[in-house]
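Take a look at the structure set out below.
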Amino acid sequence: MPSLIAVGGLLFLLGPIAVVVAQSVNGAGDLVFPPRHFTFALYEQFFTDAAWWGPALQSVWVAVLTAAVSLVVTLPAAYALHRTSFFGRKAVQMLFVAPMLIPVISLGLGIYIFFSAVRLDNSTLGLVATHSTLVMPFMFISIGAGMRQTNPALESVAMLMGAGRVRTFFQVVVPQLRPSIFVGVLFAFLMSFDEVVVAYFITGPQTTTLPVKMYSAIRWEVSPVLTAISTILTLSSLGVCLLIIALRESHSNA
């Protein structure tokens, strides 16, 4: 009985995805199920229409910058907070995970008001700064988990052999954290690419991301090309998740 319930729940979750995937190769000009024809015309429309692949490139660019900025800030911060002890350390750690505790809609409204005042709305810089704030808690947790698995004795030995702190960090600490860093970067990229709520507040015609474009299209026009885009995003997210699992497994077996 528990197995049947589990299978039923899995089918309930996968059913809508299967319908979207099937619709994405449908030749009809409207949303119908089951598909009447088999064609990749909707995928061709996505890749040939600048109104769609333009926001997609913007999303990729913002996600890459977000992952890079988050790593540059979070990696040394996580190392310092796990290797030193000072008054208020717990408070600083809480600051890194605080964005997880704030409702996204409230955060989006506050960022919109602030960015409008400083003229950062409708800018790639504003998007990167916002997304970095949203993904840093998850990268901090990932790298922090890796820090707990590192061996501080290796750092002491390296410094006794004459290596400075910077060289010890990059040649001793970072190699031990490589799986956690990769996982954190993948999470940051995926979360930034998929983020829509806050981006909807601060993007404009020149900085529209793909999720915002899709949300707007759903509100004003239900275009069949959305099924092709949704399929691409679903398969991409699945690939990233499988890669994260593989990295975790390789790290556990190491």
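Keep in mind that what you see is a predicted model, and the values were worked out from it rather than measured. Just so you know, these numbers use all the heavy atoms, side chains as well, and skip hydrogens, waters and symmetry mates. Count residues from 1 along the sequence.
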Under 3.5 Å donor-acceptor pairs involving side-chain atoms of residues 181-192, not counting sequence neighbours:
residue	atom	partner	partner atom	Å
S192	OG	T66	OG1	3.4
S192	OG	H131	ND1	2.8

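- For residues 118-139, no pair satisfies salt bridge (charged side-chain N to carboxylate O under 4.0 Å, His left out), with sequence neighbours left out.
- Expressed to the nearest 0.5 Å, how far NE2 of H82 lies from CZ of R148 amounts to 5.0 Å.
- Checking side-chain atoms of S70 against main-chain N and O of M136 turns up no donor-acceptor pair under 3.5 Å.
- Nearest heavy-atom pair, K213 versus A51, reported as atom, atom and distance to 0.1 Å: CE-O, 3.4 Å.
- Looking at heavy atoms from C-beta onward, D49 lies out of side-chain contact with V225 at the 4.5 angstrom threshold.
- Shown here are the side chain to side chain donor-acceptor pair (under 3.5 Å) partners of T124, two or more places apart in sequence or in another chain: Q58.
- Here the straight-line distance linking atom OG1 of T231 with atom OH of Y43 works out to 3.5 Å at 0.5 Å rounding.
- One finds the CE atom of M147 at 10.0 Å from the OG atom of S180 (value rounded to the nearest 0.5 Å).
- Linking Ile, Leu, Val, Met, Phe, Trp and Tyr residues whenever their side-chain heavy atoms come within less than 4.5 Å leaves L42 and W53 in two separate clusters.
- Think of L238 as one node in a network of Ile, Leu, Val, Met, Phe, Trp and Tyr side chains linked at under 4.5 Å; its network also takes in L242.
- Residues satisfying the ring pair (Phe, Tyr, Trp, His ring centres under 6.0 Å) test with Y215, not counting sequence neighbours, are Y200.
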Could you walk me through whether L75 and L177 pass side chain to side chain contact (heavy atoms under 4.5 Å, CB included), step by step?
CA-CA 9 Å; L75 179 58; L177 292 175; 3.9 Å; yes
Report, one line per pair, each donor and acceptor closer than 3.5 Å where one atom sits in a side chain of residues 87-105; sequence neighbours left out.
residue	atom	partner	partner atom	Å
R89	NE	T84	O	3.4
R89	NH1	L81	O	2.8

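- The CD atom of E44 sits 7.5 Å away from the OG1 atom of T39 when rounded to the nearest 0.5 Å.
- Membership of the apolar cluster around V172 extends to L154, as traced through chained side-chain contacts below 4.5 Å between ILVMFWY residues.
- A search for side chain to side chain contact (heavy atoms under 4.5 Å, CB included) contacts involving I17 returns L14, V21, T234, not counting sequence neighbours.
- Note on residues 151-167: pairs passing side chain to side chain donor-acceptor pair (under 3.5 Å), not counting sequence neighbours, are Y79-E155, R83-E155, R167-Q171.
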Could you give the side-chain donor-acceptor pairs of residues 201-211 under 3.5 Å, partners two or more places apart or in another chain?
residue	atom	partner	partner atom	Å
T203	OG1	A199	O	2.7
Q206	OE1	N122	ND2	2.8
T207	OG1	N122	OD1	2.9
T207	OG1	G204	N	3.0
T208	OG1	G204	O	2.7

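- Atom CD1 in I229 sits 9.0 Å away from atom CZ in F47 (nearest 0.5 Å).
- V157 belongs to a hydrophobic cluster whose remaining members, ordered by chain and number, are M161; membership requires side-chain heavy atoms of ILVMFWY residues under 4.5 Å apart, directly or through intermediates.
- For the ring pair (Phe, Tyr, Trp, His ring centres under 6.0 Å) test, no residue two or more places apart in sequence or in another chain qualifies with F138.
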Test S237 against D194 for side chain to side chain contact (heavy atoms under 4.5 Å, CB included), laying out the working first.
CA-CA 9 Å; S237 299; D194 289 341; 3.9 Å; yes
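- Taking hydrophobic clusters as Ile, Leu, Val, Met, Phe, Trp and Tyr residues chained together by side-chain heavy-atom distances below 4.5 Å, L125 shares a cluster with V69.
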